[in-house]
Enquirer: 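One structure is given below, represented as structure tokens, and several questions about it will come after.
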Amino acid sequence: MSLHECSIQEIADEVQNGTLLGVPADYSGVPMAFVRELIRQGKSELDLFCLPQSTLQADMLIGAGCVRSVETAAVTLGEYGQAPCFTRFVQEGRLNVKDSTCPALHAALQATERAVPFSPLRGLIGSDLVKHRPDWQVISNPFSDQEDPVILIPAVSPDVTVIHAQKADKNGNVWIGRRKEVATLIHASKRNFVTVEEIVDTDFYEDEVLAAGVLPGFYIEAIAVAKDGAWPLALSDRYPIDEAHLKDYATRAKTEEGFATYLAENLAA
Amino acid sequence: MSLHECSIQEIADEVQNGTLLGVPADYSGVPMAFVRELIRQGKSELDLFCLPQSTLQADMLIGAGCVRSVETAAVTLGEYGQAPCFTRFVQEGRLNVKDSTCPALHAALQATERAVPFSPLRGLIGSDLVKHRPDWQVISNPFSDQEDPVILIPAVSPDVTVIHAQKADKNGNVWIGRRKEVATLIHASKRNFVTVEEIVDTDFYEDEVLAAGVLPGFYIEAIAVAKDGAWPLALSDRYPIDEAHLKDYATRAKTEEGFATYLAENLAA
Amino acid sequence: MAFKLEELLICCLSRKLHKKRHIAIGAASPIPAGAAFMAREEANKGMHITLLASQKHNHFTDGSRELFDAAAQGRIDAFFLGGVQIDGQANINLIGTGEYPNTQRRFPGSFGSALMYYVVPSVFLFRLQHNRRSMVEAVDFISAPGFSPPEVYRPGGPVALITDKCLFAVDSEKQRFRLESLHPNVSLEEVIDLTGFAFDYEENPPTTETPTSSQLDLLRGTIAQEIAESYPLFAKQTFGI
Amino acid sequence: MAFKLEELLICCLSRKLHKKRHIAIGAASPIPAGAAFMAREEANKGMHITLLASQKHNHFTDGSRELFDAAAQGRIDAFFLGGVQIDGQANINLIGTGEYPNTQRRFPGSFGSALMYYVVPSVFLFRLQHNRRSMVEAVDFISAPGFSPPEVYRPGGPVALITDKCLFAVDSEKQRFRLESLHPNVSLEEVIDLTGFAFDYEENPPTTETPTSSQLDLLRGTIAQEIAESYPLFAKQTFGI
């Protein structure tokens, strides 16, 4: 196993227009430096697959016109209010939202993780979500002798997933801790890249305690160092969310003009 | 969350004849002290569900007449040769083996983990395993417009699972490290007990590095301290397998008489 | 002893949680969190509380799917769901108003409601703006239905709806709400007027039990500190800490 | 330079592995492990090798199911399977001989073969006792079939069978074995005589390429040390270390 180091620009180069991009939840390490680079490179027609929801990553990409569709359980700035670009684009009919629910997003990736065509799921039947998802199917549970509808969620495989993490080791392994759903996202994606705060000169597997939180390097094509790479979002145990920045964003991004000046200021760096 | 401490005897008391017992693989922490107590208490008609295989735990329980059936991908002593009691009982037609394959055993528990009635799986079609498993079903993949048979493995929920681990904390959380399949076994079981080398006076969640390898205490009904509780098997990072003991067992357990004297010697303690 | 609406709601919800073993609370839910902490303190020290927004109070180690898995396994006894709209059949809408997909007012999305509402035995609905825009006859979009036909696997569902005006219980037989109590200084007429759906009620509904002074002491002391760790802004506004 | 059979087999298998990115090796497989270490050393330093029996050489962190998941995802390029019996259609039997379930001679079980054999692109079969009890016309129990009808999802399958006598290649079109080479001092007649199934062969089959002295140096040095970590007994017997 070996480390392939690269730059954020090189990761963004690998994202073609039309890519299905895996998007991690905030607590999993959001690669915001990479997101800004995608916008700088003027990507378009990206399809986002969120596990299971997104905040600033989806909202900025939508606002910058990079996104064709987003499959998600929610896009929101959480305590900072509604996701302004997402809300505006949906209300103006400019964004295709494949509305889903958290466990269905997990189920779709878990199917790919095991290379099966679908995962069964409980719940959902009677929700209007199902009406608008012709890609989901309801079958009768073949193990029951009574009527028992079960929904099947088809497998989804993102073309590219990029996450941000605290650290990688000298052999390209990444420490992700207990937020294991990014492992599922990575397992299910065709290509994976990681940005990290730092690359350390050890091997995580030398310590079984550390090893329990490791994403093995063989899933990862290349790793780029991005100090403060989740900023202005938080990175668990490293730095908190930049509250002032988020408040400012939540206000300015409510209008096209405000978002444009926000972008201009924040892409320059 | 709080710690409920108990004795090994009390755990064994909760295992009724006819229980479907979850059995962990060797590298996951095998509760051998508990196994000896089950034999001491003269349990019978146990059904074993191995994730995904077993060595000494299944073999001793079988030899002692505690077992009615075993669902497993294999029973073997590995480098120490064939599992002598398992082999003898099968060849004499005295044991019902539900032969399976590792991923099907995982799939059955993963179904229960998500409370769905089945998990789809690839492979298997054309294997004679399927012929002898009327509980498995083959359906046509409803997402394909071509003929595409997919096997469905029904959910299995052990009545009781007992594992052995290195340590629990003062709030009843258990550190299992990266051998995460025991978490699936625990999630899928109706009742869970753990034996540990020690209970430490900290909370594992105070350290995010430790937390990544923790099984949360709310899955666990009670915990018993059992020093050297996996002996004569190994416990990862704590102690190696007792080679001389295993060699001795492998030889003696080949006959009913040899096994009987082995048991007599080893249950007394 | 004077109390704030938030304090009333926390104490009211708390009484419903005394017998729960494991309560899970989603993001942006300081009142349910306070109620759970209060119930643990008053009734069951062994209660397990999961705050998904917290690191300290979140013991899951298998990623965020573990909440949904644990709930599906029947290991979560109580959960809380809001709604842009809630209707008389306890259907909830977290998507937005107007005709989907080009909603007039779009909200974040359905989150995990389309599983959690089905599998958690006691789901508490809450909505702090009780008016005819939120309490509607029929939601514009069903993120998750209040009730399901008998063939649908549904061990869980709604047990109550709490608003800034009153507490409704859920009548599962009739599949509708029944007014359980009015918050102090709220009249039945007011609730009828503010509610877009029909519901059952007695002529003289009881008043929601108000917090005792010892409850308020507990709440403003220990519990406020617990809440502040995850919801500092709420704690500051409500308890001045 | 003289060499042992094990050394011949390791070097022979190793040549088939030069282009693999990730090779996984099950329990009790020191020869495949040696072949993989050898291939990494000779051809591809970036190769990833997973020894399931090892802690050091096992980087999975999602439990033992991660091997099967990773294999199903197409991330494992090569795997090795033994067999109590192997037949001419590359069916393997890991269960035992005689009529199932009351097998006359019971073996441990099918392990993960009933998935791995289907999804790993290059599965190498190995069996070091080449005789008519192990190389049979039809196995008594198919743990996993050698080939599958076209409608069955099967990106992987067998590519070769190595024994203590010879190396067979797999002809996927004909769904049968073709003798690729005879190990030194083994005759075609001997192999035909010891094999219970029909197979294709040339009149004068080549001899299995023997290890060069530099290969043997490498094997007895670095590689033997690597093997010894997981298979001390084998390393002692074969390399005297």
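Residue numbering restarts at 1 for every chain, and letters A, B, ... go by the order of the sequence lines.
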Enquirer: Under 4.5 Å heavy-atom distance to chain A, tell me which part of B:Ile139 shows up: side chain, backbone, both or neither.
Expert: side chain

Enquirer: Considering all heavy atoms of both residues, which atom of B:Leu152 and which atom of A:Phe143 are nearest to each other, and what is their separation?
Expert: O-CZ, 3.5 Å

Enquirer: Side chain from CB out, backbone as N, CA, C, O: work out which of these in B:Val209 comes under 4.5 Å of a heavy atom of chain A, or both, or neither.
Expert: both

Enquirer: Quick one: what part of A:Leu210 sits under 4.5 Å from any heavy atom of chain B, side chain, backbone, both or neither?
Expert: both

Enquirer: With sequence neighbours excluded, tell me which residues meet side-chain contact (heavy atoms from CB on, under 4.5 Å) with A:Ile220.
Expert: A:Val174, A:Val194, A:Leu215, A:Ile223

Enquirer: Would you list the atom pairs in which one atom of chain B and one of chain A form a donor-acceptor pair under 3.5 Å?
Expert:
unit_1	atom_1	unit_2	atom_2	d
B:Arg114	NH2	A:Pro120	O	2.7
B:Pro120	O	A:Arg114	NH2	2.7
B:Gln137	NE2	A:Pro142	O	2.8
B:Pro142	O	A:Gln137	NE2	2.8
B:Arg178	NE	A:Glu208	OE1	3.1
B:Arg178	NE	A:Glu208	OE2	3.2
B:Arg178	NH2	A:Glu208	OE2	2.8
B:Glu208	OE1	A:Arg178	NE	3.2
B:Glu208	OE2	A:Arg178	NE	3.2
B:Glu208	OE2	A:Arg178	NH2	2.9

Enquirer: Where on B:Ala115 is there a heavy atom nearer than 4.5 Å to chain A: the side chain, the backbone, both, or neither?
Expert: backbone

Enquirer: In terms of heavy-atom pairs under 4.5 Å with chain B, which of A:Gly177, A:Pro117, A:Pro120, A:Gly213 leads?
Expert: A:Pro120

Enquirer: For B:Ala107, is it the side chain, the backbone, both or neither that has a heavy atom under 4.5 Å from a heavy atom of chain A?
Expert: both

